[in-house]
Amino acid sequence: MMESPQRRRLSIIASHLNPITTTASIVTGSHCTSSSDSAEKQCNLETDCVFCKIVRGDAPALKLYEDDECLCILDNQPVSPGHCLIIPRGHFPSLVATPPSVVAAMCSKVPYISKAVMKATGSDSFNLLVNNGVDAGQVIFHTHIHIIPRRPRDCLWASESLKRQPLKLDQEALHLVNNIRQQLSFVDGFEDNKDHGTTLIGSQ
């Protein structure tokens, strides 16, 4: 019997609360931090972070992939077979707090890992998901990316059945665009020298 959308949502939010107990193919002997002293000090403060424990080898997980920047493990409470997580070795509490170079390293593995997961699970589709912040459902504050294989009519997301409304190309939308562009100008490390203006695309 298919679970209700509400139960599926709870499963997503609670997907990392209980470490798995299996000892087969576990992550071991890894370092929690990058080479920087500041990252090491930060990680030492996060002694209760389950992902830091997994990276250090202090907690078990089923490992699919690892390199110097990140590793990929199976989610211990998957919403679909093959549901896995890409996590950085360094501790960063959210995606917005993660250095762009680390995000790039994580994202660069997505095509490689997702192809393997889809072939292994017989799926031809997947969702790429990041829960950033409490209101978005984040419960483990060590940034991570979900790869979730999909199947026809699996009904994982209640939002997929919602009717979407087209964006109104009006002054309110223009105000939102200008506000976001203004905020981007204050983001550290963000450079954009193009003068985008405020013209609506396709407007007469």
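The cluster map of Ile, Leu, Val, Met, Phe, Trp and Tyr, joined by side-chain heavy atoms under 4.5 Å apart, puts Ile140 and Val96 in different clusters.
With values rounded to the nearest 0.5 angstrom, Cys52 atom SG is found 10.0 Å from Asp58 atom CG. Distance SG/Cys70 to CG/Leu85: 12.0 Å, rounded to 0.5 Å. Here CD1 of Ile180 is found 12.5 Å from OG of Ser185. Values are rounded to the nearest 0.5 Å. Note that the CD1 atom of Ile148 and the CG atom of Asp75 stand 8.0 Å from one another [nearest 0.5 Å].
Scanning both residues, Gly122 and Arg151, for their nearest heavy atoms gives O-NH1, 3.7 Å. The two residues Tyr65 and Lys109 come nearest to each other via the heavy atoms OH-CE, 3.1 Å. Listed here is the closest heavy atom pair of Gly82 and Thr121: CA-CG2, 3.9 Å. Met118 and Phe126 get closest at one heavy-atom pair: SD-CD2, 3.7 Å.
In this structure, Val130 and His146 have side chains that are not in contact, with every pair of non-hydrogen atoms separated by 4.5 Å or more. Ile87 is not listed as a side-chain neighbour of Thr143, based on a closest heavy-atom distance of 4.5 Å or more.
With hydrogens and angles disregarded, a donor-acceptor distance shorter than 3.5 Å links the side chain of Gln138 to the backbone of Pro93. Ser80 places a side-chain N or O within donor-acceptor distance of the main-chain N or O of Pro149, the cut-off being under 3.5 Å. Side chain of Thr98 to main chain of Ser94: a donor-acceptor pair is present (N/O by atom type, distance under 3.5 Å, no hydrogens or angles). Judged by distance alone, the side chain of Glu66 and the main-chain N or O of Leu71 form no donor-acceptor pair under 3.5 Å. Distance alone, capped at 3.5 Å, is enough to place a donor-acceptor pair between the His83 side chain and the Val79 backbone. Of the possible donor and acceptor atoms, none in the side chain of Asn178 sits under 3.5 Å from a partner among the backbone N and O of His175.
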- Let me see the working for His91 and Cys49 under side chain to side chain contact (heavy atoms under 4.5 Å, CB included), right down to the final yes or no. CA-CA 9 Å; His91 182 90; Cys49 173; 3.6 Å; yes
- Message: Arg56 vs Phe51, test: side chain to side chain contact (heavy atoms under 4.5 Å, CB included). Steps then yes/no.
- Response: CA-CA 9 Å; Arg56 291 196 303 266; Phe51 288 167; over 6 Å; no
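For Lys168 and Asp170, the salt-bridge test fails: no basic side-chain N is under 4.0 Å from an acidic carboxylate O.
A side chain to side chain contact (heavy atoms under 4.5 Å, CB included) with Ile147 holds for exactly one of Ile86, Leu64, Leu129; it is Ile86. In summary, of the residues considered (Ile113, Leu62, Ile145), a side chain to side chain contact (heavy atoms under 4.5 Å, CB included) with Cys84 occurs for Ile113 alone.
Residues His142 and His144 place their aromatic rings such that the two centres sit no closer than 6.0 Å. Between Phe141 and Phe92, the distance separating the two ring centers is not shorter than 6.0 angstrom.
Within the structure, the salt bridge (Lys or Arg N to Asp or Glu O under 4.0 Å) test picks out no pair touching residues 121-133 (sequence neighbours left out).
Atom CD of Gln183 sits in a crowded spot, with more than 12 heavy atoms from other residues, nucleotides or ligands closer than 6.0 Å. Under a cut-off of 6.0 angstrom, the local environment of CG in Asn179 is crowded, with over 12 non-hydrogen atoms contributed by other residues, nucleotides or ligands.
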